[in-house]
Amino acid sequence: MEDSNKTNNTEQTSGESKSLNFIELIIEEDIRTEKYGKRVHTRFPPEPNGYLHIGHAKSICLNFGLAKKYGGKCNLRFDDTNPTKEDTEYVDSIKEDVKWLGFNWDGEYYASDYFETLYEYAVTLIKKGKAYVCDLTQEEIAATRGTVTTAGSVSPYAQRSVDENIDLFARMRAGEFIDGSKVLRARIDMASPNMLMRDPILYRILHAEHHRTGNAWCIYPMYDFAHGQCDSIEHITHSICTLEFEVHRPLYEWFIQELEIYAPQQIEFARLNINYTVMSKRKLLSLVQENVVNGWDDQRMPTICGLRRRGYTPESLQNFAEIISVAKRDNVIDVSLLEHCLREDLNKKAQRIMAVLQPIKLILTNYPEDKEELLDAVNNPEDATTGTRKVPFSRELYIDQDDFMEIPQHKFFRLSPGNEVRLKSAYIIRCVDVIKNSDGSIKELHCTYDENTRTGMPESNRKVKGTIHWVSAKHAVEFEARLYDKLFLPENPEMVAEGEDFRSNLNPDSLKIITPYAEPFIKNIAVGAIVQFERTGYFCVDIDSTPKQLILNKTVGLKGAWQKTGK
RNA sequence: UGUCCGAUGGUGUAAUUGGCAACACGUUUGGUUUUGGUCCAAAAGAGUCCAGGUUCGAUUCCUGGUCGGACAACCA
């Protein structure tokens, strides 16, 4: 519009310039023109009828992030207009998740706080002749709404007088009518090409107890009649929502205009999709209800509580939201990007320890029977301030099956008969014998160690192709590891054959439970803490852990380029 | 069939007034490394949905298509 004084759509931050997303562009323009003074006030408006997922995390980061960036405010508002589906359990979980993600809201509000005001708005509309009480049944209303290509027909009740409507609406509130017998509708245009404008329902009768207002009301506003006005009441400047509400915008604007109240600006963005998972509340709920997963916080769920339990950090999620940015086109984000953000954060923070997932016994035949050593191991090579720890070493060890090949394939750098390998933070060893069980499987490996190659000794600098992790058998701590994989096999779980649904795409191997061995240090780790098992991946201590049984979730594997093929 | 919205490497997001299509993930290659991790370096990969038009010049502006998504709950 304006052709002068255009804002540059990049920002200068410490020498680097970063592109602004389309919402920031709008906001900066609004600040420049002082459309709302220089105010920026957003809000995150969930319905407390379920648990938040990573799609909500995108919205939370967006709304709170914008407020922070522009020195504005962000409210948390619960859109609790349907008492039959909502509960304080969800209110509490939502608040916990938002806080955990790292955000503090300015105002905590509920649509139900505004029920009286909303009622008055409805009365205002009635008085202007813009709303009427309709006695049509649900089926009749649906039948007379028309279709996307044909107009609907006007309700026979549309011409009731203002006085009659006022009286009827008051009696609806007073509880004189049973559920479903009457509704309040806006009088707009039954022929509108926008279905939402065909005399939409404003209020319905619901003799249901509300989790906050109790039995004070037996009529409740529809979402469409509440949402925009709530934003207006809170003087929200930018009402950011997902694309499917684009069609609702004309209706919200109609209410605002007829009511002559403060007008926020609605901006729609494309919701988040990630491959190999589903993101709809309804589908996630069905996974919970059908016990496909173990609750909303199952470690495989894309819910915020599920990700938290899996070992995701708030920082990694915030960074993810930042990187995927926001736009209006439909998108499917590669799950590898999410995992990258996680690893990037965990790599800096995670304590390293050694654990052997699939053990093979390894005996150092030239190491004294009763000898034990405490070796120094680096806690985190990315953070020198974390220092070192002691790891016990002895004659009998465990190493991982993957680190041994009797007949090494090309480019296999680990242990094989006759070859040397380095035991991390310990000695260089050579495999001299493979002892087998009667069925041909490997019973144990016999190796010799070079006593002059302990880490720190001059001889330890000798070049060896591979370094592997290990655990002293005598000191090994057994624990339970829950190995998680993607919940669905195909990239798009919605892609199914005729007659099937997304459940047919479930990955039967999304959870494997094993009992590996770890170095004793694992006993020092608190519930929720995340560690890196050297060369394997990140794991976090699950809340199911007991003093007797340590349980760790596999958060995400290390990147690992080399894969053993076959077998 | 109606209305609205969208379309840029495999994925996501950029490209200032119309001026060499950039960044990240992923992939591949090389280097460093007592994690086949991290880190460092490099490469491949799009000519911007299509067809016209305006222009010296179009991802950007115009016209017409195509494809994808949303909308017909007394859900949000």
Side-chain angles (χ1 to χ4, degrees), chain A residues 3 6-10 17-21 45-47 49-50 79-82 84-86 134 136-138 141-142 145-152 179-185 192-198 201-206 219-220 222-224 226-227 242-250 268 270 275 281-282 323-341 343-344 347-348 352 354 377-378 381-382 411-414 422-426 428 453 455 460-461 464-469 532-537 557-563:
Chain A
D3 56 2
K6 271 235 175 87
T7 42
N8 197 348
N9 83 339
T10 59
S17 71
K18 181 174 169 292
S19 298
L20 263 31
N21 63 51
E47 183 193 13
N49 70 339
D79 276 339
D80 55 351
T81 55
N82 185 354
T84 65
K85 291 189 174 175
E86 295 147 9
C134 180
L136 255 25
T137 64
Q138 189 164 171
I141 287 178
R145 186 162 0 241
T147 69
V148 289
T149 49
T150 61
D179 288 7
S181 59
K182 284 181 168 49
V183 291
L184 182 72
R185 299 177 73 177
S192 170
N194 184 343
M195 301 288 295
L196 295 167
M197 302 296 273
R198 324 247 260 225
I201 293 167
L202 271 27
Y203 268 88
R204 76 283 217 191
I205 300 169
L206 235 39
I219 57 171
Y220 292 92
M222 297 291 291
Y223 171 84
D224 276 348
H227 187 81
T242 45
L243 246 31
E244 66 266 29
F245 293 105
E246 210 155 22
V247 200
H248 297 240
R249 186 167 9 107
E268 307 88 5
N275 53 16
K281 262 191 201 176
R282 207 197 90 249
I323 286 177
I324 60 173
S325 189
V326 57
K328 294 192 74 161
R329 74 183 81 115
D330 296 328
N331 61 87
V332 183
I333 307 284
D334 237 304
V335 68
S336 65
L337 182 56
L338 212 211
E339 294 182 339
H340 166 261
C341 293
R343 291 193 190 98
E344 185 183 49
N347 178 49
K348 295 180 298 194
R352 269 61 167 175
M354 290 196 282
V378 171
E382 302 297 314
K411 288 249 192 180
F412 183 75
F413 298 155
R414 285 106 100 145
R422 183 193 304 280
L423 294 179
K424 175 95 181 170
S425 308
I428 294 172
T453 59
T455 294
S460 72
N461 293 327
V464 198
K465 272 239 190 99
T467 298
I468 65 173
H469 57 277
Q532 183 197 102
F533 289 165
E534 295 260 8
R535 306 205 312 128
T536 304
L558 253 30
K559 253 174 72 184
W562 191 85
Q563 289 300 326

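Chain A is the first sequence line, chain B the second, and so forth, proteins listed ahead of strands; every chain is numbered from 1.
- Put simply, the side chain of A:His340 does not reach to within 4.5 Å of the side chain of A:Asp334, judged on heavy atoms.
- At B:G36, one or more side-chain N or O atoms of A:Arg535 fall inside 4.0 Å of OP1 or OP2 (strictly under the cut-off).
- The nearest heavy atom of RNA chain B to A:Phe245 and to A:Ala327 marks one nucleotide each, and the one closer to the 5' end goes with A:Ala327.
- Of the options A:Lys85, A:Glu86, A:Glu47, a side chain to side chain contact (heavy atoms under 4.5 Å, CB included) to A:Asp80 is made by A:Glu86 and by none of the others.
- Ring pair A:Phe245/A:His227 is parallel by interplanar angle, where below 30° counts as parallel and above 60° as perpendicular.
- Contact of A:Ser425 with B:U34 (side chain to base): no donor-acceptor pair of N or O atoms is detected under 3.5 Å.
- Using a 4.0 Å heavy-atom distance criterion, A:Lys411 is classed as a base contact.
- At least one side-chain heavy atom of A:Ile323 sits under 4.5 Å from a side-chain heavy atom of A:Leu337.
- In this structure B:C71 sits in a base pair with B:G2, meeting the Watson-Crick or G-U test at under 3.5 Å.
- Counting to the nearest Å, the P atom of B:A70 and the CG atom of A:Leu196 are 14 Å from each other.
- Residue A:Arg198 is out of contact with every strand shown, counting any heavy-atom pair closer than 4.0 Å.
- Taking side-chain N and O atoms only, A:Arg329 has a distance below 4.0 Å to OP1 or OP2 of B:U13.
- Among the protein residues, A:Leu338 comes within range of no part of the nucleic acid, since none of its heavy atoms lies under 4.0 Å from any strand.
- With both ends at atom P, the span from B:U60 to B:A51 equals 13 Å, rounded to whole Å.
- Residue-level contact check: A:Val326 touches the backbone only, with heavy atoms under 4.0 Å from sugar-phosphate atoms and none from bases.
- Using a 4.0 Å heavy-atom cutoff across all strands shown, A:His227 reaches no nucleic acid atom at all.
- A:Arg204 has a side-chain polar atom (N or O) that falls below the 4.0 Å cut-off from OP1 or OP2 of B:C75.
- No contact: A:Thr84 has no heavy atom under 4.0 Å from any strand.
- Contact of the A:Ile201 side chain with the A:Ile141 side chain is registered, since non-hydrogen atoms from C-beta on lie closer than 4.5 Å.
- Below the 3.5 angstrom threshold, one finds no donor paired with an acceptor across the side chain of A:Arg343 and the base of B:U38.
- Applying the 90° cutoff around 0 to the glycosidic angle, B:G53 is assigned anti.
- At least one donor-acceptor pair closer than 3.5 Å links the side chain of A:Arg198 to the backbone N or O of A:Thr147.
- Nucleic acid contact class of A:Val332 (heavy atoms, under 4.0 Å, all strands): sugar-phosphate only.
- Comparing A:Arg422 and A:Cys134 by the nucleotide of RNA chain B that holds the closest heavy atom to each, the one mapping nearer the 5' end is A:Arg422.
- Among the protein residues, A:Glu47 comes within range of the sugar-phosphate backbone only, with heavy atoms under 4.0 Å from sugar or phosphate atoms but none that close to a base.
- A sub-4.0 Å separation between OP1 or OP2 of B:U35 and a side-chain N or O of A:His469 is absent.
- A:Leu558 comes within contact range of at least one nucleobase, with a heavy-atom separation under 4.0 Å.
- Listed pair A:Lys85 / B:A76 fails the phosphate criterion, with no side-chain N or O lying under 4.0 Å from OP1 or OP2.
- Using a 4.0 Å heavy-atom criterion, one finds that A:Pro45 contacts no nucleic acid atom at all.
- Under the 3.5 Å distance criterion, the side-chain polar atoms of A:Ser192 are matched with a main-chain donor or acceptor of A:Asn194.
- Taking atom C1' in both B:A42 and B:G6, one finds a spacing of 36 Å when rounded to whole Å.
- As the counterpart of B:A21, no nucleotide is assigned, since no Watson-Crick or G-U wobble pattern has both distances under 3.5 Å.
- In terms of phosphate contacts, A:Thr81 brings a side-chain nitrogen or oxygen within less than 4.0 Å of OP1 or OP2 of B:A76.
- Across all strands shown, A:Glu246 has heavy atoms under 4.0 Å from sugar-phosphate atoms exclusively, and none from any base.
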